[in-house]
Peer 1: 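Pasting a structure here, questions to come.
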Amino acid sequence: MPDRLPLAYYEDHDTLTLSQQLLGCEFVHDSPEGPSAGIIVETEGYVTGDPACHAYRRETKRNAAMFGPAGTLYVYQIYNHYNCINVVTGPKGVGEAVLIRALQPTEGIDLMTLRRNEAFKTGFARYRQNTIDSSTADGFRNLCNGPGKLVISLGISRTEHNGSSLVTGPIYIRPRVLTDFDMVTTTRIGITQGVDLPYRYYIQGNRFVSRK
DNA sequence: CGTTAGATAGTCT
DNA sequence: GACTATCTAACGG
């Protein structure tokens, strides 16, 4: 029995509270190739009435998973190439979510490295020669220190995993394994709307955070 | 260190 | 037709 957060955990907290409480929890993918996991060190909240939220206008084909029940996984494609993952929050019919921006790898390091290297070979033409060496400090840090990278490292795909349940599916979140840390609250990254809203949270001093 | 340009698809208006 | 919740290398100080 995997030690995973139950449905009530996602239902009982509002989106911004959950964005903060997910810090220090472990994000896991039990894939056919093996397990891989990391501690959540950076999140962003996207809520109703927030112009940066994908559900701001209405439900569409892309954002449909955001309107599902709390504890659903929302995977979307960004910048023509990468994918990002969100933990859907709020009741069914409400489109809110927590973006997972960075992980501190804990399990399946070799599998993560393999996936990143495979992605280089089949991805951008300019980066086909790139490799990650996770036995170096820099290589290890670069496995999951950004929303696009962690999706590759964990082997999550939009077509396979968008809309899957964190409560019953192969991708889930374990309760906090890290509790003794200070949290930084700041504005979100890479957006052009809602730039002043302080909905980004990260573990102070953690070297796997995408950027200070 | 810092900032910036370029690669690159699918979905929405 | 326009618009991104990114990543990487290359450049300048």
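Numbered from 1 within each chain, the chains take letters A, B, ... in sequence-line order.
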Peer 1: Using atom C1' of each nucleotide, how far apart are B:dG10 and C:dT8 to the nearest Å?
Peer 2: 22 Å
Peer 1: Rounded to whole angstrom, note down the C1' distance from B:dA9 over to C:dA9.
Peer 2: 23 Å
Peer 1: For DNA chain B, what residues of residues 126-141 of chain A have any heavy atom nearer than 4.0 Å?
Peer 2: A:R126, A:Y127
Peer 1: Under 3.5 Å, is there a donor-acceptor pair between the side chain of A:N162 and the main chain of A:R158?
Peer 2: no
Peer 1: Any cation-pi pair here, A:R4 with A:Y172, using under 6.0 Å and within 45°?
Peer 2: yes
Peer 1: Does anything in residues 82-110 of chain A pair up under ring-ring contact (aromatic ring centres under 6.0 Å, His included), and if so which pairs, sequence neighbours excluded?
Peer 2: A:Y82-A:F124
Peer 1: For DNA chain C, note the earliest and the latest nucleotide, 5' to 3', having some atom under 4.0 Å of a heavy atom belonging to chain A.
Peer 2: C:dT4 to C:dA9
Peer 1: Answer whether the closest heavy-atom distance between the side chains of A:I132 and A:F140 falls below 4.5 Å.
Peer 2: no
Peer 1: Could you tell me whether the side chains of A:T113 and A:D110 share a donor-acceptor contact shorter than 3.5 Å?
Peer 2: no
Peer 1: If you count the non-hydrogen atoms of other residues, nucleotides and ligands that lie under 6.0 Å from CZ in A:R128, is the total more than 12?
Peer 2: yes
Peer 1: Regarding A:Y76 and A:N86, is there a side-chain donor-to-acceptor distance under 3.5 Å anywhere?
Peer 2: no
Peer 1: Please check if any side-chain donor atom of A:E96 sits under 3.5 Å from a side-chain acceptor atom of A:T48, or the reverse.
Peer 2: yes
Peer 1: Before we go on, tell me: are the rings of A:Y74 and A:Y46 under 6.0 Å apart, centre to centre?
Peer 2: no
Peer 1: Give, ordered by number, those residues of residues 190-212 of chain A having at least one heavy-atom distance below 4.0 Å to an atom of DNA chain C; if nothing qualifies, reply none.
Peer 2: A:G190, A:I191, A:T192
Peer 1: Any donor-acceptor pair under 3.5 Å linking the side-chain atoms of A:Y56 with those of A:Q193?
Peer 2: no
Peer 1: Is A:R57 atom CZ crowded by more than 12 heavy atoms from other residues, nucleotides or ligands, each under 6.0 Å away?
Peer 2: no
Peer 1: What's touching nucleotides 10-13 of chain B from the protein side, N or O pairs under 3.5 Å?
Peer 2:
| residue | atom | partner | partner atom | Å |
| --- | --- | --- | --- | --- |
| B:dG10 | O4' | A:Q77 | OE1 | 3.2 |
| B:dC12 | OP1 | A:T60 | OG1 | 2.5 |
| B:dC12 | OP1 | A:K61 | N | 3.0 |
| B:dC12 | OP1 | A:R62 | N | 2.8 |

Peer 1: State whether a side-chain donor-acceptor pair under 3.5 Å links A:R115 with A:S31.
Peer 2: yes
Peer 1: Closer than 4.0 angstrom, basic N to acidic O: yes or no for A:D133 and A:R116?
Peer 2: no
Peer 1: Answer yes if the side chains of A:K121 and A:N117 hold a donor-acceptor pair under 3.5 Å, and no otherwise.
Peer 2: no
Peer 1: With rounding to whole Å, what would you report as the distance between B:dT8 and C:dA10 at their P atoms?
Peer 2: 15 Å
Peer 1: Establish, from distance only, whether the side-chain atoms of A:S19 and A:E44 form a donor-acceptor pair under 3.5 Å.
Peer 2: no
Peer 1: Taking Watson-Crick (N1-N3 plus N6-O4 or O6-N4) and G-U wobble (N1-O2, O6-N3), each under 3.5 Å, can you produce the dot-bracket string of DNA chain B? Use [ ] for crossing pairs and | for inter-strand ones.
Peer 2: |||||||.||||.
